[in-house]
Amino acid sequence: MPPPAAYPGAMTTVLLTGFEPFAGDSANPSGDAVRAVAARWDRAETLIVEVLPVTFADAAARLRVLIERHSPDVVIATGLAGGRSAVTPERVALNLADARIPDNAGVQPTDAVVVGGTPDARFATLPVKRIAAAVAAASVPSSVSLTAGTFVCNAAMYTVLDATADRAGVRAGFVHVPWSTETAPAGAPALALADIVRALEIAIDVSLTSDDGRPLVGGEIA
Ligand code: PCA
């Protein structure tokens with residue numbers, strides 16, 4: 001057996017996505033935050049960042065293209081959960097699209113599946129408890145969430161888990177973020193954008209290490 005790669009970080013790719021504004025809002029802190037993470041990225045790992053349209057069809061299609069094209073070792077999709085006051089790694093994605101409002105293409109599925117012929121739910125393969133603990137330890141409120149809803153974010157999470165299910169060693173999932181104080185509607189709970197950015201950097205950092213702190217190299221635990 002050859003020894004593990006000697007250069008932790010080499011050949012390792014992280015895919016980080018946010019979303020455009022939706023529901024008539026003019027901002028979405030998830031998109032702002034992933035752009036900021038990209039702007040100051042200085043790690044050895046390759047970071048792919050994209051801000052996705054809030055449509056059931058295009059977000060899923062784009063995520064599948066990005067995963068196919070870049071073969072990421074870690075996939076963290078993010079979106080806004082307006083009303084939450086903490087950064088919440090999601091534990092489970094439902095194979096259910098049941099929209100309370102139309103998406104940005106005017107499509108409003110009800111009682112529909114996200115991906116036909118696949119399981120009713122899929123669990124995050126990100127280390128969600130370690131992420132929440134590490135973010136909270138950095139003084140940014142964070143806790144694991146048990147529902148990503150049944151709108152586009154849940155569908156995006158289900159899609160990345162479906163698209164990576166057969167990719168050994170890949171860690172994938174979704175993190176909902178609150179409003180940023182810079183963009184929050186009056187009265188909505190919010191965190192400073194800088195804290196949301198830091199939380200996502202910590203989520204990446206934790207996802208790139210094994211449970212005992214060793215680096216994740218090329219999709220394998222070294
Ligand atoms: N939040 C929505 C979709 C896009 C976003 O940022 C959601 O939670 O489904």
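All ligand and atom numbering here is 1-based and tracks the order in the structure.
- Here's the thing with Phe22: none of its N/O atoms is less than 3.5 angstrom from an N/O atom of ligand 1.
- Salt bridge status for Asp162 with Arg122: present, with a side-chain N to carboxylate O gap under 4.0 Å.
- Proximity to His176 (heavy-atom distance under 4.0 Å) selects the following atoms of ligand 1: 7 (C), 8 (O).
- Taking the six-membered ring where tryptophan is involved, the planes of Phe56 and Phe151 are perpendicular, since the angle between them exceeds 60° and thus also 30°.
- Here the side chain of Asp98 pairs a donor or acceptor atom with the backbone of Asp111 at under 3.5 angstrom.
- Distance alone, capped at 3.5 Å, is enough to place a donor-acceptor pair between the Thr88 side chain and the His176 backbone.
- When hydrogens are left out, the protein atom nearest atom 4 (C) of ligand 1 is Cys153 SG, 3.4 Å; that is the closest non-hydrogen contact.
- A donor-acceptor contact shorter than 3.5 Å links the side chain of Gln108 to the backbone of Arg100.
- Residue contact check for ligand 1: Glu20 places no non-hydrogen atom closer than 4.0 Å to it.
- Heavy atoms from both the backbone and the side chain of Leu80 come within less than 4.0 Å of ligand 1.
- With hydrogens and angles disregarded, no donor-acceptor distance shorter than 3.5 Å links the side chain of Thr164 to the backbone of Arg167.
- Within the listing of ligand 1, atoms 5 (C), 6 (O) sit less than 4.0 angstrom from a heavy atom of Asn28.
- Of all atoms in ligand 1, numbered sequentially from 1 with element shown, those under 4.0 Å from a heavy atom of Gly79 are 6 (O).
- The ligand atoms of ligand 1 that sit less than 4.0 angstrom from a heavy atom of Val152 are 9 (O).
- Side-chain N or O atoms of Asn28 include one that pairs as donor or acceptor with a backbone N or O of Ser30 at under 3.5 Å.
- The shortest N or O to N or O distance between Asn154 and ligand 1 is not below 3.5 Å.
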